[in-house]
Amino acid sequence: MRILVVGCGGREHALCWALRRENPDADLYCAPGNPGTAVEAINLPIAADDLDRLADAADMHGIDLTVVGPEGPLASGLADRLRAEGRAVFGPSAAAAQLEASKAFAKEVMASAGVPTSASRAFRDLAAALDYVSRHAEPLVVKASGLAAGKGVVVCDTRGEAAEVIRSMLQEGSFGDAGRTVVIEAFLEGEEISVLALTDGTDVELLPVAQDHKRLLQGDQGPNTGGMGAYSPVSMATPALLDRARRQVLLPALAEMRRRQTPFNGALYAGLMIDGTGNPWVVEFNCRLGDPETQAVLPLVSEGLTRCLWKAAQGTSPTPLVLRKDACSVTTVLASRGYPGRPERGAAISIPADLPEGVTVFHSGTVRGSDGVLRADGGRVLSVTAVAPTFEEARRLSRDAAEVIRFEGKVFRRDIGWREGERIGV
Ligand code: GLY
């Protein structure tokens, strides 16, 4: 099989790693990839948003299956382009990717499908938005409707703060086109989990549930980031809860997308807030796998990933994944000083050769210079995943490995999985 993974972060490294484990002899390519994916695949120097060259490369290398990692190329129509040329693609069409690319659209779909989510209104007009906010309960949430690299969601304690955020988005264009429409919604209380569903547009196969850590600093302090770590499984995500997530969220949303003639095929990621009485509410939909959730969950799949992606890409029911029983995974992200604002680049990275068994280092933002030295090249630099028989052991292994990997300006959280630790008393 000839497989192309599109993207260049930790998620794509984890995908290449997992696909290589299942397909030792496959021709595996990654575009553009990074020094980590280069160990598993042949990197093609083509940007993830260069649709023409990606289509040419798929043709030239006779690609059987393309797996698209990031949302940008999906929203720009990469999957449509490749499918129009007769290729199997795991990833939604541009129309279906609107579930992530337009939060206003996602709210409409949820309303039509009866999917539980917080009450909200979308606005393009400043005066109307400010009037609505002046009567809204506190706290409240203001979201840039479009793609904003995980930065377009602001939780506001007061109406005044919300009004400032709305002005900055609608009047000053602080989020560019992504903030030309704002979604104002009620704040949801609870604990958020990431449910990642692989789907052909009708049926779903769930990856193990993960919990992300969006704030930069320990104790969930500091600015929001793309995610500073994740763990899986999450003990509060019981089979009964996942059954509800499937019946009340995933299947109705997919049915609504089919009804609109824009079936969703790929990874449907539901960020679910679980309230105090155990009810799931959708915080957001994403049209792709999560990062760093993917780095935490794929090592827990022992078999069946390629087959499942392949089936979903062909529009047939995704086949069951075989999951590792009695294994837990913790991923700690190592970021560069300055992230998420202006991360420093260029620090030389030293990864000890003798990291313990069960630890895998995924590259998120690295580059290998002409001198052969591995250097930090982005906000999130490495994702350190540890798999062990218990959560406690996986957490210790991930944290210890994060300590001994060195680069100037390294920033990471030592409390990944703290909620799970409190829940199970370790
Ligand atoms: N970790 C959050 C995301 O991938 O959007």
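Quick note: residue numbers are just sequence positions, from 1. Just so it is clear, the structure is predicted and the values come from calculations on it, not from any experiment. Counting starts at 1 for both ligands and their atoms, following the listed order.
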Problem set entry | Pairs touching residues 289-311 that satisfy salt bridge (charged side-chain N to carboxylate O under 4.0 Å, His left out), sequence neighbours left out |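 Applying salt bridge (charged side-chain N to carboxylate O under 4.0 Å, His left out) to every pair that reaches into residues 289-311, excluding sequence neighbours, yields Asp291-Arg380.
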For this session: Select all protein residues for which some heavy-atom-to-ligand 1 distance is less than 4.0 Å, and list them by chain and number.
Result: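 If the criterion is a heavy atom under 4.0 Å, then ligand 1 touches Asp212, Gly226, Tyr269, Asn286, Arg288, Gly290, Asp291, Pro292, Glu293.
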For this session: Evaluate the salt bridge (Lys or Arg N to Asp or Glu O under 4.0 Å) criterion for residues Asp220 and Arg413: first the C-alpha distance (whole Å), next the side-chain angles of each, then the deciding distance (0.1 Å), finally the verdict.
Result: CA-CA 9 Å; Asp220 290 336; Arg413 284 180 61 161; 2.8 Å; yes
Problem set entry | Distance in Å, Glu392 CD paired with Arg395 CZ, rounded so as to fall on 0.5 Å steps |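 The CD atom of Glu392 sits 6.0 Å away from the CZ atom of Arg395.
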For this session: Apply the test side-chain contact (heavy atoms from CB on, under 4.5 Å) to residues Leu305 and Leu298: give CA-CA distance (whole Å), side-chain angles for both, the deciding distance (0.1 Å), then the verdict.
Result: CA-CA 9 Å; Leu305 179 69; Leu298 290 189; 4.1 Å; yes
Exercise. Is there a donor in the side chain of Arg324 and an acceptor in the side chain of Ser302, or the other way round, less than 3.5 Å apart?
Worked result: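 Ser302 and Arg324 do not have a side-chain donor-acceptor pair below 3.5 Å.
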Exercise. Do the side chains of Lys143 and Val141 get nearer than 4.5 Å, heavy atoms only?
Worked result: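 They are in side-chain contact.
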